[in-house]
Amino acid sequence: MKKEILKVSNKSNPNSVAGAIAGFVRETGEVDIQTIGAGATNQAIKAIATARGFLAPAGINLICMPAFVEVEVEGETRTGIKIIVKGEK
């Protein structure tokens with residue numbers, strides 16, 4: 001099964017992203033979040049913190065592993081952040 005990738009921007013709503021994170025973790029156990037820039041990374045971290053609150057009552061804790069990733073944007077290669085988020089009971 002293909003791993004899901006959520007692309008988060010600085011304009012992303014953290015609550016909406018948190019719902020998506022929680023849904024993917026419940027369904028598949030993990031999701032990758034991809035960001036470019038400080039604002040987008042900030043929104044992603046807020047979303048992960050919120051998703052943790054959504055999942056905690058079900059006994060699911062989130063484990064996060066950050067990494068760098070090369071992303072092509074409009075024909076240009078940019079360095080972004082990939083956060084691998086896994087659910088653990």
Side-chain angles (χ1 to χ4, degrees):
M1 183 165 56
K2 183 177 178 279
K3 189 189 280 193
E4 293 297 328
I5 298 174
L6 287 176
K7 294 181 180 180
V8 177
S9 79
N10 61 340
K11 293 178 174 56
S12 294
N13 179 324
N15 287 327
S16 297
V17 176
I21 292 168
F24 285 126
V25 167
R26 279 189 186 106
E27 287 177 28
T28 66
E30 67 181 282
V31 64
D32 285 359
I33 300 170
Q34 194 170 289
T35 67
I36 297 175
T41 304
N42 182 54
Q43 296 301 81
I45 294 297
K46 288 192 281 188
I48 292 167
T50 303
R52 186 167 186 248
F54 292 165
L55 295 167
I60 300 171
N61 195 25
L62 294 182
I63 307 299
C64 300
M65 295 166 278
F68 289 107
V69 65
E70 297 293 318
V71 182
E72 191 164 318
V73 179
E74 297 174 5
E76 193 177 311
T77 301
R78 308 264 314 263
T79 301
I81 299 285
K82 174 172 78 170
I83 306 168
I84 303 160
V85 180
K86 293 186 177 192
E88 188 175 85
K89 284 202 173 218

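Model, not experiment: these values are computed from the prediction.
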Pairs of donor and acceptor atoms involving the side chains of residues 35-48, under 3.5 Å and at least two apart or interchain, shall be tabulated with distances.
unit_1, atom_1, unit_2, atom_2, d
T35, OG1, T41, OG1, 2.9
T41, OG1, G37, O, 2.9
Q43, OE1, K46, NZ, 2.8
Q43, NE2, S12, O, 2.8

Could you go through residues 68-89 and list every donor-acceptor pair under 3.5 Å that involves a side-chain atom there, pairing it with any protein atom two or more places apart or in another chain?
unit_1, atom_1, unit_2, atom_2, d
E70, OE2, T79, OG1, 3.3

Using distance only, find each side-chain donor-acceptor pair of residues 52-61 under 3.5 Å and give its atom names and separation, not counting sequence neighbours.
unit_1, atom_1, unit_2, atom_2, d
R52, NE, N61, OD1, 2.9
R52, NH2, N61, OD1, 3.2

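In this structure, the separation between OG on S16 and CG on L6 is 11.5 Å, given to the nearest 0.5 Å.
Here salt bridge (charged side-chain N to carboxylate O under 4.0 Å, His left out) pairs that include residues 28-45, with residues two or more places apart or in two chains, are K3-E30, K3-D32.
Every side-chain contact (heavy atoms from CB on, under 4.5 Å) that N15 has, sequence neighbours left out, goes to N13, T50.
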